[in-house]
Amino acid sequence: MSALDPALESFLRGLPKAELHIHIEGSLEPELIFALAERNGVQLDYPSVEALRAAYAFTDLQSFLDIYYAGASVLLKAEDFHDMAYAYFQRARADNVLHAELFFDPQTHTDRGVPFAAVMEGLLSAQAQAERELGVSSELIMCFLRHLDEEAALATLEQARPYLDRIVGVGLDSSEVGNPPEKFERVFAAARDLGLRAVAHAGEEGPPSYIHGALDALKVERIDHGVQSLQDPALVERLVREQIPLTVCPLSNVKLCVFKQLADHNLRQLLDAGLVATINSDDPAYFGGYMNQNFVETFAALGLNRDHARVLAENSFRGSFLSEQRKQAYLAQVADYCEA
Ligand code: ADE
Ligand code: ZN
């Protein structure tokens, strides 16, 4: 891989940015997995941190999900969710991520007998501490696991009722192919009726029809990944016309073999087509890096420049669920930084 100009690298690292696609369970580093396993008396299938990390050689999305759900098995108590999320916020702050919209997967925990309240209390306390001590603002997006049925998703939405003022929206993740968006039409309608925003993973491994499905059946405001959209020119035209943000995750796409190498990634084409693309880390503990690592490696591999960086940072705040007033304040920070 070609080295990045040090001045551009430093510019990228300092750039104010928002992260819109981070699964908080995917920020669980192997060291913390082992520490929580010990604290909670959970037996792991791996003898050491090194052995666990060595298992992070994925061939596709499913091969990752199997190990990701196993890693999450150490999360039992509110303080575990707090410690995981606060560790993420510290890394976000170090990367000049000023605002983050966190996915969480309640079914991964409630199906193991962890109370919904433990998940929420831990995440909420970490958010409050991050705002107070790091100045990082955040929102929570509750994802439904698409390999499970819609009844289970509806039950999860019911469990979320006491916390609806603290959850900005719903998302859809887990095994994409074979689980099209239409399967979740009713639960997304119910969530929207409750005032929640909607996003969905689509076009990570799945076909462009799943992106159409997410827009038409689920009425989502953002598409998570969406890198398969370029196969369908009519879809690209629609995404541009409707200014639907795509939360692209370059290092994830390489680790899960969506692209063979970063130099083959289509982010530049997405931007050139006028799509509202953003850079995100997805599951940074598993995919080789947090936000700045994604920026630096992608810019080096694709030969992107400062103009691309500014557009990506602006897209990240524009595509967020912040109020219009707060978006404008963050966009002004981006402008100041880029014009300094
Ligand atoms: N859950 C965590 N990471 C995911 C991804 N990249 N795609 C689908 N579901 C996920
Ligand atoms: Zn994801």
Side-chain angles (χ1 to χ4, degrees), residues 18-29 33 56-73 75 81 84-85 88 92 97 100-111 119 123 139-148 152-153 156 169-181 183-184 198-207 210-211 213-214 218 220-229 245-259 265 267 277-291 294 316 319:
E19 174 149 56
L20 306 180
H21 187 158
I22 159 78
H23 300 263
I24 198 60
E25 295 90 346
S27 73
L28 201 48
E29 292 286 343
I33 291 180
Y56 294 179
F58 312 115
T59 50
D60 59 8
L61 174 59
Q62 193 59 50
S63 67
F64 155 69
L65 290 171
D66 294 341
I67 210 162
Y68 161 83
Y69 294 129
S73 70
L75 298 162
F81 290 90
M84 168 178 68
Y88 164 73
V97 171
E101 303 195 345
L102 274 52
F103 294 136
F104 69 110
D105 288 342
Q107 290 160 290
T108 299
H109 315 300
T110 54
D111 285 2
V119 180
L123 296 179
E139 296 287 358
L140 294 177
I141 299 177
M142 180 173 79
C143 285
F144 303 118
L145 297 181
R146 68 201 302 161
H147 66 275
L148 302 178
T156 300
V170 292
L172 186 64
D173 66 1
S174 192
S175 319
E176 185 184 10
V177 174
N179 294 298
K183 184 176 158 185
F184 296 92
V199 302
H201 283 54
E204 178 183 14
E205 289 183 341
Y210 282 26
I211 302 177
L218 308 184
V220 300
E221 297 174 63
R222 297 199 298 248
I223 295 289
D224 297 310
H225 295 291
V227 291
Q228 303 300 338
S229 57
L246 304 184
T247 63
V248 177
C249 307
L251 289 180
S252 162
N253 292 153
V254 173
K255 282 282 181 188
L256 301 188
C257 307
V258 173
F259 297 96
H265 199 284
L267 179 66
T278 60
I279 286 185
N280 306 271
S281 72
D282 204 5
D283 300 284
Y286 293 89
F287 297 153
Y290 289 75
M291 281 289 267
N294 272 274
S316 75

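What's counted below: heavy atoms across the whole structure, side chains too, no hydrogens, waters or symmetry copies. Order of appearance sets the numbers: ligands from 1, and atoms from 1 within every ligand.
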Nearest non-hydrogen protein atom to atom 9 (N) of ligand 1, with distance, is S174 N, 2.8 Å
What closest approach, in Å, do L267 and A277 show between heavy atoms, and which atom pair accounts for it? CD1-CB, 3.8 Å
Which ligand 1 atoms are under 4.0 Å away from a heavy-atom of H225? 6 (N)
Nearest heavy-atom approach of A214 to A200 is CB-CB, 4.2 Å
I would like to know whether H225 and Y210 meet ring pair (Phe, Tyr, Trp, His ring centres under 6.0 Å); could you show each step before the answer? CA-CA 12 Å; H225 295 291; Y210 282 26; over 10 Å; no
Proximal protein heteroatoms (N, O or S) of the Zn ion (ligand 2), under 2.8 Å: H21 NE2, H23 NE2, H201 NE2, D282 OD1
Heavy-atom contacts with F64 under 4.0 Å: which atoms of ligand 1 show up? List them by number with element. 2 (C), 3 (N)
How far apart are the closest heavy atoms of P106 and T156, and which atoms are they? CG-CG2, 3.7 Å
Which atoms form the tightest heavy-atom contact between R146 and P180, and what is the distance? NH2-C, 4.2 Å
Of all heavy-atom pairs between L28 and A72, which one has the smallest distance, and what is that distance? CD2-CA, 4.3 Å
Atom 4 (C) of ligand 1: nearest protein contact (heavy atom, Å): H23 NE2, 3.5 Å
Search all heavy atoms of G26 against all heavy atoms of Y68 and return the closest pair with its distance. N-CE1, 3.6 Å
Are any of the N/O atoms in D105 less than 3.5 Å from those in ligand 1? no
Would you say E25 touches ligand 1, if touching means a heavy atom closer than 4.0 Å? no
Tell me whether F103 reaches ligand 1 (any heavy atom closer than 4.0 angstrom to a ligand atom). no
For the rings on Y286 and H23, is their centre-to-centre separation under 6.0 Å? no
Is the closest heavy atom of L65 to ligand 1 under 4.0 Å? yes
Counting both backbone and side chain atoms, is some N or O of D282 under 3.5 Å from an N or O of ligand 1? yes
Proximity to ligand 1 by part of E204, non-hydrogen separation under 4.0 Å: side chain
Is there side-chain contact between V199 and H21, with at least one heavy-atom pair below 4.5 Å? no
Validation row: F184, V170 side chains within 4.5 angstrom (heavy atoms): no
Can you check whether Y290 reaches V97 side chain to side chain, under 4.5 Å on heavy atoms? no
Purely on distance, is any nitrogen or oxygen of D283 under 3.5 Å from one on ligand 1? yes
